[in-house]
Amino acid sequence: MSATKPLPPETVNELVQGLNRLAYNLWWTWDQGAQDVFAQLSPRGWQNLFHNAVAILREVSDYELRVRLQDPDFAAQVRQVLEAFDAYMKPASTWAGKHAPEFARRPVAYFCAEFGLHECLPIAAGGLGVLAGDHLKSASDLGLGLVGVSLFYREGYFQQAIDANNWQTEYYSLLNPRHLPIEPVLDPKGEPITVTVRIAMSLARVRAWRVNVGRVTLYLLDTDLPENEAFISDLTRRVYGGDSSVRIMQEILLGVGGVRMLRALGIVPSVFHMNEGHSAFLTLELLREKLAAGRTFEQAIQETRQECVFTTHTPVEAGHDRFSRDLLCYAGHLFLEELRLDPDKLMALGRVHPDNPNEPFCMTVLALKMSRAANAVSELHGRVTRHMWHALYPDVPVDKVPIGHITNGVHLMGWMKGTLRSYWRRKLAEHHHHWDAYINSPEFWNRILDPSFISDEELWALRYKLRRELIEFTRRRLLLQQHHVTQSDFITFDHLLNPDALTIGFARRFATYKRAPLIFQRFDDIVRLARDKARPVQFIFAGKAHPRDDEGKRFIQHIIHLSKYSELKGHLVFIENYDIHVARQMVSGCDVWLNTPRRPLEASGTSGMKALCHGCLNLSIMDGWWREAYDGTNGFAIGPDAHPDSVEEQDRVDAENLYRVLSEEVIPLFYQRDAQGIPRQWIQRIRRSMATVPRFTTDRMVKEYVERYYRQAPQAGSKPSSKAGT
Ligand SMILES: *Cc1c(COP(=O)(O)O)cnc(C)c1O
């Protein structure tokens, strides 16, 4: 064999530049080939630096990179990935190109206080942010004109550690923009583009960072500038950081600053989508612009409503921001002067009963009053939300309250574990050049019902591989969680958990309505099930409680305590510092995904949707998305599609039902093996569960938003009765 010719310097330059371009586009987070390239450059760095392509390019010197590119296999791989990237960025046709071309010139402006795009950019607190991140990724896949707007929290969301008393403690680490896939937004002279917002008695100067999410751009506002007062620059320190005064100022910054930044960038949105009420102050900025242009108050309100749509995300009262008149007047004082709006008139916009002086200002009310259309995030949540806000629309019966629903989804390629992405790519290679588009289609997922396409044995082998990966991941994490590790611990940790046992996962925010400890209510019975030698069961838990939620922290303490000191030791573990990466490991490796919210408080829930494509079966209360997904064959239901009135009764009944379905259905089915050792019926459920995938993707969801909410087709229906303060 003759030597390969060395790559000429210009080719090396091209590949180096290509890798830099690639690192600064989060497309790599949902492309396996791209991730493999960065992982190969520094396997340990990849693992330790939150799988961050930019950080890898800082870790590996330019010199090393150029040397490494002389490896012909590696260079070929890089070239292939860059070709795929270029093809993605300049597609011949897209869904939106055909069905929604109008947004190319005038995009959707999608506002959210948090975005969960990837573990290397930890600026989300939970499901809301992850949903927003998935919305951007699917908008990109569909070719939809859309820009995201949020804040750049330089300390992100907190990291969780567990102290000697098993109590959650929080710590923050400073994110270094140079090591993140974000770029400063500069003018042609290389100066940061800035806008100003009046907050309290100060003038805040605001710059922005650009995050490339495939073909979509997310702008993150940042007040960390030397000319800002300390309390202003601290507004972009932490996700939902501080008290309600920080909160309202963050929200003024997001809403008002966000609109001004879009204007400064010359972006003319056709519609403003407020994803949750945090960004609703954007409507006041739109109002101000129209008043300044000479519109009457009524005209300005009408025109603003025509531009805005709103999605509400929770029936939990505390999830709706409310501010006192004093706080609003203090934080919004100077902005109100610009707006030239009397404080009472403003208060009226945020009240159900405009004249009630005791009613605080509610961001959800503002968003509802100032939008042409509003929606909840599942069918049941729609019903609950129409009840919740009926008083705003007293002229119509409750079922005519103009709040619809679009059920949430997940970005399939972003959530599918690398193991599976590679598997399907190989399997579909001959059939489909565009296998990633094909994989979003019902047609593909229906094929999994056919054993001649994929056999029981093949599916079972995949399940074993995914469970093995999770267990090894968990062993590594639990070893790292130990404060004092001795040599013998390594041996213990390598035997932690049983790779053959039915593995049940629970991971999400530890909000108390999600009832993480519910399954341990019938403790002795659960111990008996778990320790059955012939049919063992094990549990993996993870999740963060809000820093000020002591009850959520008690839930964590209770579960860790059980894992260390009860008869469940060895059958129950708690993985610390839950994030998107831990989520991906868990939803893919567990056999069963447990979801026990207090119905109807889980507006949708999305983590169970991430489980579907991995063959992890849902075991869930009939709440949120699961009532729409469950058909008796594709997972397991805990109790009926209803709930008792009393909370105590509900907890008791749900714990009973959970124990029953676990002991009578889930465990027997998992361990019912035929002569070949295969659990045929379990695998049949997996097939049915996988066939459910396409209904719960953000691909489907974003298309629905386009067709039912983003298009200029104002919904017929009543507007909020309170006459906007006139
Ligand atoms: C998916 C996801 C959530 C949402 O989980 P739910 O079950 O809907 O509460 C929260 N946090 C992270 C990190 C996630 O990936």
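All heavy atoms count here, side chains included; hydrogens, waters and symmetry mates do not. Predicted, not measured: the structure shown is a model, and the values here were computed from it. Atoms within a ligand are numbered from 1 in the order they appear, just like the ligands themselves.
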For [X], the ligand 1 atoms whose distance to one of its heavy atoms is below 4.0 Å:
{"X": "G605", "value": "8 (O)"}
{"X": "A583", "value": "15 (O)"}
{"X": "V130", "value": "12 (C), 14 (C), 15 (O)"}

Quiz item: Looking at T29, D134, D141, which one forms a side-chain hydrogen bond (donor to acceptor under 3.5 Å, both in side chains) with H411?
Solution: D141
Quiz item: Per the side-chain hydrogen bond (donor to acceptor under 3.5 Å, both in side chains) rule, which among Q650, R598, R599 passes with H643?
Solution: R599
Quiz prompt | Cation-aromatic face contact K553/F510, 6.0 Å, 45 degrees | solution = no
Quiz item: Does any N or O atom in E602 lie less than 3.5 angstrom from one in ligand 1, N or O only?
Solution: no
Quiz item: Would one find an N or O of T606, backbone or side chain, under 3.5 Å from an N or O of ligand 1?
Solution: yes
[atom]: the protein heavy-atom neighbour that sits closest, reported with distance to 0.1 Å:
{"atom": "atom 12 (C) of ligand 1", "value": "Y578 OH, 3.5 Å"}
{"atom": "atom 5 (O) of ligand 1", "value": "S607 CB, 3.5 Å"}
{"atom": "atom 4 (C) of ligand 1", "value": "G127 CA, 3.5 Å"}

Quiz prompt | Side chain, backbone, both or neither: the part of F506 lying under 4.0 Å from ligand 1 by heavy atom | solution = neither
Practice problem: Heavy-atom distances under 4.0 Å are what count here, so tell me which part of K610 touches ligand 1: side chain, backbone, both or neither. | Solution: side chain
Practice problem: Kindly assign one of parallel, tilted or perpendicular to the pair H135 and Y110, based on the angle between their ring planes and the thresholds 30° and 60°. | Solution: parallel
Quiz item: Is the closest heavy-atom distance from K514 to ligand 1 below 4.0 Å?
Solution: yes
Quiz item: Closer than 4.0 angstrom: is that true for some heavy atom of W415 and an atom of ligand 1?
Solution: yes
Quiz item: Side chains of S279 and E251: donor-acceptor distance under 3.5 Å anywhere?
Solution: no
Quiz item: Do the side-chain N and O atoms of E276 and T311 include a donor-acceptor pair separated by under 3.5 angstrom?
Solution: no
Practice problem: Establish, yes or no, whether a centroid distance under 6.0 Å links the rings of F574 and F541. | Solution: no
Self-check item: Under 3.5 Å donor-acceptor, D623 side chain and P597 backbone
Solution: no
